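Here is the structure we will look at.
Owing to the predicted nature of the structure, the values given are computational and were not obtained by experimental measurement. In each ligand, atom 1 is the first atom listed, and ligand 1 is the first ligand listed. Values below: all heavy atoms of this structure, side chains included; hydrogens, waters and symmetry mates excluded.
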Amino acid sequence: MTKTTRQQFEFKAEMKQLLHLIVNSLYTNPEVFLRELISNSSDALNKVRFKQVTGEKVQSPKLPAQIKIEVDEEKQNFAIEDTGIGMTFEDLTERLGTVASSGTMEFIKQLKENKKNKLDGNMIGQFGVGFYSAFMVAEEITVETRHADPDEKAWRWISDGKGTFDIEEAERTQRGTRISFKFKDEHKEFAGAERIKQLIRKYSNFVDYSILVNGEEVNSQGALWHKNKKDVTDEELKEFYKFISNDFQDPLDHIHLAMEGRINFKALLFVPKKAKPDFFRTENLKSVQLFSNRVFVQEDCKDLIPEYLRFVEGVVDSEDLPLNVSREVTQYSPVMAKIKDVLVNKILGMIEYWAEEEPEKFRTFYEEFGPLFKSGLNSDFANRERLTELLCFHSTKTVETAGEHKNGKDQKKADQAEESGEENKTGGMDDLVSLAGYVERMPDTQKEIYYLSGDNLDELKRDPKLEYFRKKDIEVLLLADPVDAFVVPGIGSYKEKPLKSIEKADLDIDDDTEENKEKVSGDALDKLVAVFKEVAGDRVENVVPSRRLVDSAVTLTIGKEGMDSHVERMMKMMDQDTGPSKRVLEINPSHPVIQNLSSMNEKGDTESVKLMARQLYEGALLMQGDLESPGEFVKRMTQVMERATKHS
Ligand code: ADP
């Protein structure tokens, strides 16, 4: 580009939509524009400070690191200027003009569908478009910037936020960015120096660079994590959290650490109340920022926090790291490993505390971040036991008693617990049970912990595989979160009780005999089993008389090596089809149909028996969504009905 040309660019479609929303009255809190701009300047200063510390050459190296704000009440003008990293031409076109977060489009859609739901100005930051909040208060914005790299040029960017932006070369010699605009009439109050100072004290008091308003230094605190715990107010913590996370809500809880001794570091960590819209695209998460003695090092330091705890946001600052820390250093440094251990320990400690003492918080956390958190069972082996204790599930007992008064037996237990001052681990969470809670109410005769996994709780509740367990009053955990099916089988056993899916064939359960005296047995049973074997052929692993069926005639269970049907379906969805594992066909010797079939078989009506046996087998396949040819199934059903209606 030559010096005189001015080029026009178009915003991407989603950016236009978002700008339209921002500018057209769907917002409620315009004052956050200042926090967003200061936050961008502070990030930019962090980045250039790091460059300097690591010996890279920068433009105007002697410039003090600061943020200057100028307001002119009469002219309604505003300008913010930093001596940060600045922006290249690519930064201006690619970063400033795009929606960084993939959750944004989903969010816009929701807003449009539900007009009542106003776009709170506060929410803007979390979509990675903080800069654009300035269009709430300004008609047109000018950005002048020069990147710290001495080879880069200076640029001017101008836009009215409606559809296009212009870029031209500028005269600026010093590095950094200046953003200026005139306030719209309805927002001219922000042009008052006192008003701006008040907002800075409210939102940005702890920014680690001096902020000057019309030449006067306003903020005094500096890095909040360096302050003594007792000198930090709740308000400051909340604002700090919002500042670093772009969240608009208060955090759920926080940890403020100052470790001294073997390793030295300070940390201020937060757990959000809600996952961000694009939370599961973890590459977009900021998580924990690393500082080395107040110098910003890394934005999203993955080596400090294991993947399963990445809902935590905050800062960690250690003097024990060399100043020229690089990615390689953080990855292999023993100091980092030690800090990580301490952080994990503290975070788990906080979650354990919630589980014991603040069930509401635990619940909020578990619902928001449970799936990610649980994945830790498959990665953090050192803390496996602690993580296992924190697992919670729905179960046949919790879903049936939730909201109602506890039945006699549970009430007795609850009373006892109250007397002994013991608290139920899951506190006010009647509809969930921990493994400890499950084992506690297990009768002595029960030797295994039972679970059933599936796509959703309602379907699980209706699953016929639960018949036997309901009848025998045996509790079954209902695993409705997809992650459960991947982590629970891996636990193996808890307090020496094996965890078993009730879909499996080899359960240690009693025969359901006494109540059903009449049943097919002996030679007749063997013969009938043989017919089923012939019909199902090598599509099943085996055919056995069932000990657990109550109302159904047949069911399919899973052999020792097989995967739960639900897991199998998920693998299939993820294109990891391992082929269906072979099932065990269980038949219920006391069911009238099986009894009738047996007498037909004894009489030698083999053809009809085969037809119906096949029908029963395929009916079971149909139930679990594995029937391949419904056409033939229906055709055979018609044949069966034809026979049944013949003599009437
Ligand atoms: P976010 O800060 O969440 O990424 P913004 O829309 O506020 O979203 O900013 C987009 C990008 O523009 C930033 O990530 C940064 O690269 C760049 N940027 C914004 N303000 C500045 C600034 N003052 N100095 C340098 N770069 C900036």
Do Ile200 and Ile69 have side chains that approach each other closer than 4.5 Å (heavy atoms only, starting at C-beta)?
yes

Report, in ascending order of atom number, the atoms of ligand 1 lying under 4.0 Å from any heavy atom of [X].
| X | value |
| --- | --- |
| Leu96 | 12 (O) |
| Gly86 | 25 (C) |
| Phe131 | 5 (P), 6 (O), 7 (O) |

Give a yes/no on ligand 1: does [X] have at least one heavy atom closer than 4.0 angstrom to it?
| X | answer |
| --- | --- |
| Gly84 | no |
| Glu36 | no |
| Asp91 | no |

Closest heavy-atom approach to atom 24 (N) of ligand 1 among Ala148, Ser133, Ala44 is made by Ala44

Looking only at N/O atoms, are [X] and ligand 1 under 3.5 Å apart anywhere?
| X | answer |
| --- | --- |
| Lys47 | no |
| Ile179 | no |
| Arg95 | yes |

Check [Y] with [X], please: is the shortest side-chain N to carboxylate O separation under 4.0 Å?
| X | Y | answer |
| --- | --- | --- |
| Arg310 | Asp300 | yes |
| Arg175 | Glu152 | no |
| Lys340 | Asp303 | no |

So which of Asp82, Asp91, Thr177, Thr88 actually passes side chain to side chain donor-acceptor pair (under 3.5 Å) with Thr145?
Thr177

Is it the side chain (CB and beyond), the backbone, both or neither of Asp82 that lies under 4.0 Å from ligand 1, heavy atoms counted?
side chain

Look at the rings of Phe183 and Phe33 and say which category their plane angle falls in: under 30° parallel, 30 to 60° tilted, over 60° perpendicular.
perpendicular

Students often mix this up, so state it plainly: with edges at 30° and 60°, are the rings of Tyr241 and Phe270 parallel, tilted or perpendicular?
tilted

Within the distance-only criterion (no hydrogens, no angle test), does the side chain of Tyr366 pair as donor or acceptor with the backbone N or O of Cys392 below 3.5 angstrom?
yes

